[in-house]
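Order of the sequence lines fixes the chain letters, A, B, ..., with proteins taken first and strands second; residue numbering starts at 1 for each chain.
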Amino acid sequence: MQYDFRNIEKKWQKFWKESGIYNVSIDSSKKKFYVLDMFPYPSGAGLHVGHPLGYIASDIYSRYKRHKGFNVLHPQGYDSFGLPAEQYAIQTGQHPQKTTEENINRYREQLDRMGFSFDWSRELRTSEKNYYKWTQWMFTLLFDSWYDKKLKKARSIQDLKEGFLKKGSDYVIGYDREFANNEWVDFNDHEKEDILQEFRIAYISETDVNWCPKLGTVLANDEVIDGLSQRGGYEVVRKKMRQWSIRISEYSERLLSGLEIIDWPDPLKEIQRNWIGKSKGAMIKFSVENSEDSIEVFSTRPDTIFGATFITLAPEHDLVSKITTSNQENDVNNYIEISSKKSERDRISNVKTISGCFTGSYAIHPFTGNKMPIWISDYVIATYGTGAVMAVPCGDQRDFLFSKHFDLPIKNIFKDISIEDSAYESKENFLIDNSEFLNNLNFNEAFELSCEKLNEIASGNKTINFKLRDAVFSRQRFWGEPIPIYYVNDLPKAIEIESLPLELPYVKNYLPTENGDPPLGNADKWAWDVKNKKVVSNKLINNKTIFRLELNTMPGWAGSSWYFNRYMDPNNEESFASKESLEYWREVDIYLGGSEHATGHLLYSRFWQMFLFDLGLVPTEIYAKKLINQGMILGDSALVNRQIETGEYISAELTENHRVQKLNVDVSIVNSNNELNIDQFKSWQPEFKNAEFIMNKVFKVEREVQKMSKSKFNVVNPDDICDNYGADTLRLYEMFLGPIEQSKPWNTNGISGVYNFLNKVWRLFFNDNELVISESDPDKESLKALHGTIKKINEDIESFSFNTCVSALMILVNKLNEIKCHSRTVLEDLIVLLSPFAPHISEELWNVLGHDNSIADEEYPVHNPKYLIETEKKYPVSVNGKLKYQIVLPLGISQEKVENILKNDQSVIEIINDREIKKIIFVPNKIINIVC
RNA sequence: GCUCGGGUGGUGGAAUUGGUAGACACGUUGGACUUAAAAUCCAAUGAGCAGUAAUGUUCGUGCGGGUUCAAGUCCCGCCCCGAGUACCA
């Protein structure tokens, strides 16, 4: 008899739901363990087989940790604000709330079928007002805080105001404006706010942003890929806009050094390091001839300063208009206009073409006093460094090409190195020449000395520069958290906590308004009544108590930057989480998710936690100790070839000499031999109804691995697998597919293997319908097999190597079947071993053996080394062409035993390694090596 | 271009981190059960050579070198694939 997974799985899912056995609470008698999945965005397409990969892994780990006696927090929720729901709303007029809700229900249904042990009592949704109340509150904290460079932490803006009152601008370091304390007192509100805005962590400013006209909103740097929007792939252009930003750049150093102490995958850390982009160099000031102004440049090569022959500014640089001479004005304006029209994408694709324009002005070299022409060119990026570079053609290939192109002077400062054909960019193997006091120095010496000298003449200093930009925080969108700010005479004011949440208003439609305002501009009732602390009609706006509200909403990453803290205490009305719960659960122990969030969510959330930590609101600066990136499951797409001229469909092996176009077809109408079911194809979509085919016997399709997506018809729904094989099989199979971090195409070729395995497990307990369990003591052989497996599985689960766990279980079950072991003690341990992977069948069998499933988890079996000692194995080995033997002793052998062997064997010649002994290799009459 | 990963049977993938390469599974082939098929079970399965056979033997982890008694694993030089990033001064 086969095991009846349909009824078994339904039965236990119902039991888990009704008994709520996976709901946890604070229990100081137990050690806590927090396992978290990146919460999903509930899209309309539902889950496909790729989504659960990480959830299955985290579920296995959670169940395992529970067996180990930990109090495991394993929650799930939804990142439910976002663009797709809003796009759908624009098309259909339905409120995003409604579609989001529908999608969530569908997600929940699918998740429930897979037997996850989530604590659903802690479910959260970022779009719920009891959640976004706290997101908004945290925004007001960001607004009311500044970053103290001296203490290297965020502090209340109140402290800054008091500091200015006492010491003026001396209170802070690294600020380019100077004012005394009495001047501060005399500043008016606007002047004060202008200064404060340069310190607030959430601040408003006129910035260059990535504007996506198609989406009608700005995008953060990480949301733009290759000059196109991440969502939708639309063109992105640069535009100046008044925007909220988050001063994440202040945390660059901490975000970078924090990587050292977290156990995250190296590739992911590397991505974050590159994104933060720390570089050591110098700030160098060049005065401009016949002008008060000076140009500051950042250079990583101050050692090459004597090789600098001209200056290049970004076209957007502030000084350009000031220093351009009248006879160059036309050319310069022309150039600026052309380059501003270029989209990000054009700029990237035109990397190789050299363009630029002379401004007519000259800078003065700080040491030689030479005149250096000032040019503008769009190879200089306005947002990196100072938006200006000193061009050293002999040491930088771009400067070199630029000089050649515009016939600018090139000065070689490298001794005995030819720069005929290209610049010498290496920092090694050279001595400096033609550089006064830097002559005959190497890179390091020249670097230090040049910085010193620059400092002496007050023309520069050593600095560290970061690539990380402040994050744009405004979105011209409806379906996001409203920014809780109102404007009094254009001065932003935060809404205080008692009045939050600031709920999304009713709008007639979700598109921008006629005068280009964000969708919230469509709301009639969107003004803040300060006196009564509530939202009122726009018509009531006056300049005393009722003010206009911010129209932008927050980006998607706002809500996801702190949700892991909310799970600790999700229903708290008084605070985002109680002190007690924060102290108990502290941080995530294992975080599972994809590496595609490396420069988005995973960076922002680290920042956000650091900020909360600075304010003393959370107990740890690091919110996730260990992170595992699960790979993506890709779709194995099927494509039919259509002949372009005739429109006939050609079987894949016959396409030679035909001009064809490939069309994705539904993978469910293609069998595993790549043969298309023609009848199903014809009825699949109306356009194929009268399709003509060119083929021999069968019609073959082509296969291609693509990202799983609805539009490619390669989506496999986990429900189908659950229907046909059961959730346990799906869980085991997804784990069996390969290492968790690896991306792999989905195929069901091997699924019968794990399905058979579960049947074999079942048959260990049942002969037909009869339970066959022996109560007598187990034999040595089965104990040996069992304890070996226990050891392996414990180790492999800890290292997230679930595919080898499944193999180990298969080997064990094959073995037990072979030796016909029906011993209760062995089988009980087997059930517990199996239960994290296949919880349904395990619960059933546990119950079959007469246990009460409603009591706490059975402890995970502990291996007994006694059964692991294997007999010594003798292997032939060739040493210098002579046949000798090596004896390999098993793992865990005692020191005494080894010493005994050594004593009894006279022929030992050397022991190469004397660390913990695991294996010994013998050659006849001589031990030649001990391998550890 | 730069920075990370990675190349192992027909396929997905193991290999105790330097110690019998190919575990486990799929697939294939043969067999058992069956009137038959499905399902299930058993056996074989890296390639070559010799042998009726047990077995023996050679070659085998992208390519070429090296270290070592011993290399998929370590070192040097190439080739290919994937990911990230990109005019970053």
Side-chain angles (χ1 to χ4, degrees), chain A residues 2 225-226 265-275 277-279 281 284 297-301 304 308 312 314 347-348 350-355 377-381 383-392 395-399 401-402 425 465-469 595-596 598-599 631-632 672 732-733 736-739 741-745 747-754 756-757 759-760 763 791-792 795-796 801 803-812 814 817-818 873-882 884 886 888 890-892 912 918-921 923 926 928-929 931-932:
Chain A
Q2 286 184 28
I225 293 163
D226 291 338
D266 287 332
L268 190 129
K269 287 188 184 180
E270 198 57 34
I271 294 172
Q272 290 208 345
R273 265 186 217 114
N274 289 338
W275 191 260
K278 179 177 178 171
S279 49
I284 304 170
V297 305
F298 172 76
S299 172
T300 54
R301 298 293 302 275
T304 63
T312 317
R347 263 172 104 150
I348 289 166
N350 284 331
V351 166
K352 291 285 170 286
T353 54
I354 295 164
S355 69
S377 172
D378 61 8
Y379 82 80
V380 180
I381 308 167
T383 52
Y384 182 75
T386 59
V389 299
M390 66 173 200
V392 183
D396 183 291
Q397 187 61 18
R398 285 171 329 226
D399 297 344
L401 293 173
F402 198 83
E425 293 191 302
N465 192 52
F466 291 95
K467 210 162 88 182
L468 184 65
R469 304 288 87 204
S595 60
E596 67 271 21
T599 54
M632 216 188 315
S672 55
L732 281 165
Y733 185 58
F736 187 69
L737 226 41
E741 329 68 57
Q742 211 168 82
S743 288
K744 53 231 150 192
N747 69 69
T748 50
N749 290 347
I751 203 161
S752 62
V754 287
N756 286 344
F757 160 71
N759 276 308
K760 283 183 200 166
R763 281 199 301 275
K791 184 170 163 32
K792 176 150 182 63
E795 287 165 2
D796 286 356
S801 176
N803 53 331
T804 53
C805 286
V806 179
S807 294
L809 286 165
M810 287 178 175
I811 295 168
L812 176 64
N814 283 346
N817 257 320
E818 188 190 309
K873 283 186 194 162
K874 220 174 183 182
Y875 299 120
V877 61
S878 159
V879 178
N880 289 338
K882 288 174 197 163
K884 300 181 176 184
Q886 63 181 38
V888 177
L891 295 164
I912 291 169
K918 287 177 182 169
K919 286 173 191 166
I920 301 178
I921 297 174
V923 179
K926 282 173 187 178
I928 58 155
N929 200 354
V931 179
C932 295

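Closest contact between the side chain of A:Val380 and the listed nucleotides B:G27, B:A89, B:C24 involves B:A89. Nearest nucleotide to the side chain of A:Asp378, out of B:G84, B:C24, B:C87: B:C87. Of the candidates B:A14, B:C4, B:A89, the closest approach to any side-chain atom of A:Pro267 belongs to B:C4. Taking only side-chain atoms of A:Val389, from C-beta outward, the nucleotide of B:A14, B:C24, B:A89 with the closest atom is B:A89. Among the nucleotides B:G13, B:C41, B:A89, the one closest to any side-chain atom of A:Ser279 is B:A89. Checking B:C41, B:A23, B:C87 against the side-chain heavy atoms of A:Ile381 singles out B:C87 as nearest. Taking the side chain of A:Arg763 as heavy atoms from C-beta on, and the options B:G13, B:A23, B:U40, the nearest nucleotide is B:U40. For A:Thr804, the side-chain atoms get nearest to B:A15 when compared with the rest of B:A89, B:A15, B:C24.
Across the P atoms, B:G62 and B:G13 are found 15 Å apart, a figure rounded to whole Å. For B:C69 and B:U20, the C1' atoms lie 15 Å apart once the distance is rounded to whole Å. Using C1' as the reference atom, B:G10 and B:G65 are 32 Å apart when rounded to the nearest Å. B:U17 and B:A32 have their P atoms separated by 46 Å, given to the nearest Å. B:G72 and B:G1 are spaced 31 Å apart, taking the C1' atom of each and rounding to whole Å. Separating the C1' atom of B:U11 from that of B:U28 is a span of 11 Å, rounded to the nearest Å. Taking atom P in both B:C80 and B:C74, one finds a spacing of 22 Å when rounded to whole Å. Spacing between B:G9 and B:A14 at atom P, rounded to whole Å, works out to 14 Å.
The 5' end of RNA chain B is approached more closely, in terms of each residue's nearest nucleotide, by A:Glu270 than by the other of A:Glu270 and A:Gly385. Between A:Asn756 and A:Ser299, the residue anchored closer to the 5' end of RNA chain B is A:Asn756, taking for each the nucleotide with the nearest heavy atom.
Residues forming a side chain to side chain donor-acceptor pair (under 3.5 Å) with A:Lys467 (at least two apart in sequence, or on another chain): none. A:Asn756 is linked by a side chain to side chain donor-acceptor pair (under 3.5 Å) to nothing, counting only residues two or more places apart in sequence or in another chain. Residues passing the ring-ring contact (aromatic ring centres under 6.0 Å, His included) test with A:Tyr733 are A:Trp746, sequence neighbours excluded. Applying the side chain to side chain donor-acceptor pair (under 3.5 Å) test to A:Glu741 and every residue at least two apart in sequence or in another chain returns nothing. Under the salt bridge (charged side-chain N to carboxylate O under 4.0 Å, His left out) criterion, A:Lys792 pairs with A:Asp796, not counting sequence neighbours.
Between the side chain of A:Gln397 and the backbone N or O of A:Glu425 there is no donor-acceptor pair closer than 3.5 Å. Here the side chain of A:Asp399 pairs a donor or acceptor atom with the backbone of A:Val392 at under 3.5 angstrom.
In B:U85 the base sits anti relative to the sugar, since the glycosidic angle is further than 90° from 0. For B:G9, the glycosidic angle deviates from 0 by 90° or less, giving a syn base.
In this structure, A:Asn803 reaches the sugar-phosphate backbone alone: every heavy-atom distance under 4.0 Å involves primed, P, OP1 or OP2 atoms, never a base.
Put simply, the side chain of A:Asn814 does not reach to within 4.5 Å of the side chain of A:Glu818, judged on heavy atoms.
A:Glu741 places its CD atom 19 Å from the P atom of B:C4, with the value rounded to the nearest Å. Distance, A:Lys278 NZ to B:U3 P: 20 Å, rounded to whole Å. Spacing between atom CD1 of A:Ile811 and atom C1' of B:G22 amounts to 13 Å, rounded to whole angstrom units. Nucleotide B:G12 holds its P atom 10 Å from the CG atom of A:Asn749, rounded to whole Å. Rounded to a whole Å, the CD1 atom of A:Ile751 is 16 Å from the C1' atom of B:C24. Spacing between atom OH of A:Tyr379 and atom P of B:A86 amounts to 19 Å, rounded to whole angstrom units. The separation between A:Leu737 atom CG and B:A25 atom P is 16 Å, rounded to whole Å. Rounded to a whole Å, the CG atom of A:Asn814 is 12 Å from the C1' atom of B:A23.
For the pair A:Gln742 and B:G5, the criterion of a side-chain N or O lying under 4.0 Å from OP1 or OP2 is not met.
We find the CD-CG distance between A:Gln272 and A:Leu268 to be 5.5 Å, quoted to the nearest 0.5 Å.
Both key distances under 3.5 Å define a Watson-Crick or G-U pair, and stretches of 3 or more such consecutive pairs in RNA chain B run B:1-7 with B:79-85, B:10-12 with B:24-26, B:27-32 with B:40-45, B:46-50 with B:55-59, B:62-66 with B:74-78.
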